[in-house]
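Protein chains get the first letters and strands the later ones, always in sequence-line order, with residue 1 at the start of each. Note that the coordinates shown come from a computational prediction; the quantities given were computed from them, not determined experimentally.
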Amino acid sequence: MSDIEDEVIARFLARLRDSEAMPPDMLGQLENLLKAEKKPKSEDFVRLFSSADNEPLI
Amino acid sequence: MIQIESISIGEIRGVRDLKLDLACKTLVISGPNGSGKSGIVDGIEFALTGDMSRLGGKGTAGLSVQRHGPHVDRRDDPASAKVILQVRLIDLGKSVTVTRDIGNPKIVTLDPDEIEIRAELDEVSRHPELVLSRREIIKYVVAEAGERARHVQALLRLDGIGELRATIGTALNKTRSTHQAAKENTTSAMAAFGRHLDLEAPAPQEILRVINERRRILGLVELDDFSANVKLDRDVQAGGLNTPFNKVSALADIAALQTALQGIEAATAAETATMLEGTQALQADPGLLRLVQLHGLVETGLSLVDSELCPLCDTKWSDIEALKEHLSAKLQKSAQAAELRHRLQQQAQSLARHITRLTNLARTVIPLADGFNGGLSTTLAAWLEDLQAFSGRIQTLEGMIGEAERFERSWINAPSNLGDNVAALAAQVQASPDQTASANAQTFLALAQDRLDTYRRARKTEEAAGHAVLAAEAAYESYCQESEAVLRRLYEAVEADFTEFYRLINSGDEPTFKVMFTPQQGKLDLSVDFYGKGMFPPAAYHSEGHQDGMGVCLYLALMKNLLGARFRFSVLDDVVMSVDRGHRKQFCRLLKEHFPDTQFIITTHDPIWARQMRSAGLVDTHSMVEFHGWSVETGPIHTEAIDIWDQIDNDMAKDDIPLAAARLRRHLEWVCGELANALGAPVAYRADADYDLGDLFSAVVGRHGDLLKRAANAANSWGNDTAKIQINSLKEDRAKALAAYGGENWIVNKAVHYNEWADFSVADFQPLVGAVRALLLQFQCSTCKGWLYVTPSKGEAEALRCDCDAIHLNLKRKA
């Protein structure tokens with residue numbers, strides 16, 4: 001991974017953190033996913049984005 | 001990053017056995033075409049990467065390193081084709097011997113073999129752009145925007161950014177699709193709940209009214225609040241019923257399924273017709289399907305057409321326009337095909353939603369069928385499985401085509417007599433004994449709670465899917481924004497460096513040149529200033545030579561921004577030929593001033609250019625190699641260039657004065673041409689540019705004297721004592737050198753001098769050589785060894801200087 005790619009990822013995670021658009025746990029998992037040696041697949045992201053725990057509405 | 005200490009190449013391409021010591025310094029290799037220069041480049045690239053780009057890529061079909069990398073006489077013995085590099089690892093402060101042979105091109109032997117050394121060399125192997133050939137530089141400049149973006153992003157190692165964006169984008173689409181399906185399930189669950197309650201749009205008060213009617217029958221406490229945790233069947237004695245059966249509700253469910261079955265084909269007629277038509281068209285024309293799949297490839301192929309050879313298959317066409325027309329027609333057809341695919345995918349998604357609704361209805365009936373008609377239950381379950389598999393298959397184009405016949409027949413593929421069997425089930429349920437009011441109320445409340453639970457689960461799933469979409473959207477948008485911001489900044493930096501480099505090389509022609517990148521949706525438009533007349537694509541008005549110059553500048557700007565201070569090594573294979581003669585000195589200055597710590601290995605077939613690189617101080621005499629006399633049997637014969645004065649001394653030692661005289665004259669011819677240009681010496685114009693050496697020499701000597709006088713006058717007018725001392729010293733040295741030569745009068749009879757030289761004895765010629773050498777030193781800086789020149793290069797001279805500024809004399813008097 002190039003320095004520029006590293007920078008994009010760092011800024012991307014910081015932006016998500018600041019926006020609070022993603023729960024902290026999910027953000028932590030996203031960070032781990034992006035730092036893993038193996039390139040993440042779309043299914044990995046789908047699983048990650050779907051991991052939030054929700055309460056029933058009614 | 002690395003620098004090369006020495007190279008040893010054996011049996012690679014046109015080289016049989018060659019050893020060069022570089023000592024981590026820039027090396028210039030000159031020699032005519034076919035003298036084996038590129039064999040050095042191939043050898044270095046092979047040792048570092050295990051590959052030779054010359055034997056890969058466009059127009060190299062059928063070539064390979066293993067088969068064509070060894071010398072032609074050693075092609076059956078690839079292990080004998082070997083390169084040994086002695087490499088300096090700058091960051092680690094270590095040296096390593098790198099050995100690789102074509103018998104095992106993927107295996108590199110290191111001595112010493114340490115983890116950190118291997119990691120450093122692995123990184124180098126991932127930078128094939130460190131070896132740049134002339135045919136490659138142009139792709140950065142004149143390529144179509146999409147292609148340029150790919151080349152530049154590949155060079156800057158930014159492929160991963162685009163890949164990650166696409167992966168997150170795909171994940172976003174998948175979460176949206178899942179969310180859509182979850183919404184369908186929620187709608188179905190609510191419909192089932194409402195059908196059971198006999199309410200079209202169940203609102204809390206209406207639900208409570210219907211529920212409390214049954215609770216009153218059972219003498220239960222009425223519910224007054226439809227909260228999130230409300231239990232509609234609270235305190236109901238279920239009577240051991242696992243699956244609550246309520247006759248009225250069962251009949252409503254069966255009726256709903258019957259209605260859906262009767263109406264499903266009409267409701268999906270539009271989708272079915274479109275998909276039938278589309279899949280039949282794709283089946284009838286396999287080329288159309290292929291075009292859908294190859295749309296992107298054809299688009300790329302068209303952008304790469306630059307000759308009569310098809311860039312996709314290497315087929316030769318009658319002319320380039322015919323090939324372009326062929327690909328354009330294909331592209332137009334594939335654009336229509338891509339649009340068809342989009343339309344079919346939309347219909348497939350719509351049909352999938354209908355299937356979800358139908359299967360949800362059928363699922364409510366399966367438990368009923370289980371109680372009355374076990375066969376129907378099994379049939380329904382198998383049918384639903386088939387429908388769901390069908391729904392999944394038609395989401396891809398290939399799957400859709402596989403189902404073409406089903407669209408024509410009946411995509412529902414309902415089991416035989418399904419309608420009759422469901423009607424029979426309805427009759428059976430209808431014929432069953434009516435439930436007592438109490439049993440009806442009990443099962444009504446239990447089933448209501450069951451369906452409310454189902455609805456709540458569906459809502460929860462939908463909600464989670466919605467949250468996933470929000471998270472995916474936030475991630476995708478954030479990634480796009482941040483990656484674009486970083487790329488924009490990077491491109492701005494490259495723009496600035498590119499502009500500076502190009503202006504430096506072309507300062508006489510285009511001092512206001514500027515460049516602009518416009519990154520957009522994976523493309524990278526490049527426009528350049530054309531003499532202040534506006535911004536245009538590089539190929540619009542600039543000559544090919546200028547475009548080549550832009551390619552070199554862009555490459556250097558990209559490497560600077562990619563590697564920064566770690567850009568310590570680069571091979572420029574015949575690349576410098578693209579710099580035209582008037583800008584070569586400035587090109588050397590660019591490399592010296594902006595990349596002083598980078599080791600360049602430069603090949604050129606122009607010996608004059610090679611000497612200019614030396615005279616400009618880019619390399620010294622010991623860093624030049626001349627190739628000549630190549631043959632298949634011997635490979636290149638090379639001479640490590642020696643100083644011209646050493647060569648003349650050698651000639652005199654052999655008593656070969658004619659050769660020494662010829663050498664001295666050729667050297668003087670070249671130096672005088674350079675100095676006349678650098679000092680702005682007034683030379684009578686000749687249309688054939690065939691200038692006489694005497695005219696050049698006298699003009700140069702005269703101009704030099706005039707410049708020193710002007711510098712002395714300027715120093716006096718400014719009261720600059722330091723300059724005065726320096727100028728006096730220069731003038732004294734000049735006077736001594738001229739006196740040693742015999743005074744300036746020699747110029748008058750220069751032709752006689754040159755003709756007479758060949759007849760001189762060693763004793764006569766030796767003082768002459770010493771005098772010429774001493775005279776030429778007057779035009780050279782003793783510190784940087786570069787030739788003096790005036791600035792600006794056009795218009796009135798304002799300064800006489802050298803590259804290192806040890807000599808920098810103001811020529812303008814105080815006003």
Worksheet entry | Per-residue contact mode, B:A475 against chain A (heavy atom under 4.5 angstrom) | both
Item to complete: Quick one: pull up CD1 in A:I4 and CD1 in B:I161 and give me the separation to the nearest 0.5 Å.
Response: 6.5 Å
Worksheet item: Step by step, would you call A:F49 with B:L172 a side-chain contact (heavy atoms from CB on, under 4.5 Å)?
Response: CA-CA 9 Å; A:F49 298 143; B:L172 170 60; over 6 Å; no
Discussion item. Apply side-chain contact (heavy atoms from CB on, under 4.5 Å) to residues A:F12 and B:I168 and explain how you reach the verdict.
Written reply: CA-CA 12 Å; A:F12 162 56; B:I168 298 175; 4.3 Å; yes
Fill in: Interatomic spacing from OG in A:S19 to CD in B:E477 - rounded to 0.5 Å
10.0 Å
Worksheet item: If you draw a 6.0 Å radius around CD in B:E398, do more than 12 non-hydrogen atoms from other residues or ligands fall strictly inside?
Response: yes
Worksheet item: Pick from B:A474, B:S478, B:P204: which one has the most heavy-atom pairs with chain A under 4.5 Å?
Response: B:S478
Fill in: Smallest separation among heavy atoms of B:G160 and A:E5, with atom names
CA-OE1, 3.0 Å
Worksheet item: Just checking, is any N or O donor in the side chain of B:T167 or A:K41 under 3.5 Å from an acceptor N or O on the other one?
Response: no
Worksheet item: Which bit of B:E473 is near chain A, if near means a heavy-atom gap under 4.5 Å: side chain, backbone, both or neither?
Response: neither
Worksheet item: Where do B:L164 and A:L34 land on the side-chain contact (heavy atoms from CB on, under 4.5 Å) test, with the steps shown first?
Response: CA-CA 9 Å; B:L164 187 53; A:L34 293 171; 3.8 Å; yes
Item to complete: Sort B:E123 into side chain, backbone, both or neither according to what part of it lies under 4.5 angstrom from a heavy atom of chain A.
Response: neither
Fill in: Trace of the side-chain contact (heavy atoms from CB on, under 4.5 Å) decision for A:E7 with B:R489
CA-CA 12 Å; A:E7 184 189 348; B:R489 192 202 61 208; 2.5 Å; yes
Fill in: For the student: nearest non-hydrogen atoms of B:A471 and A:M22, plus distance
O-CE, 3.6 Å
Worksheet, complete the sentence: OH (B:Y479) and CD1 (A:I9) are apart, to the nearest 0.5 Å, by 5.5 Å
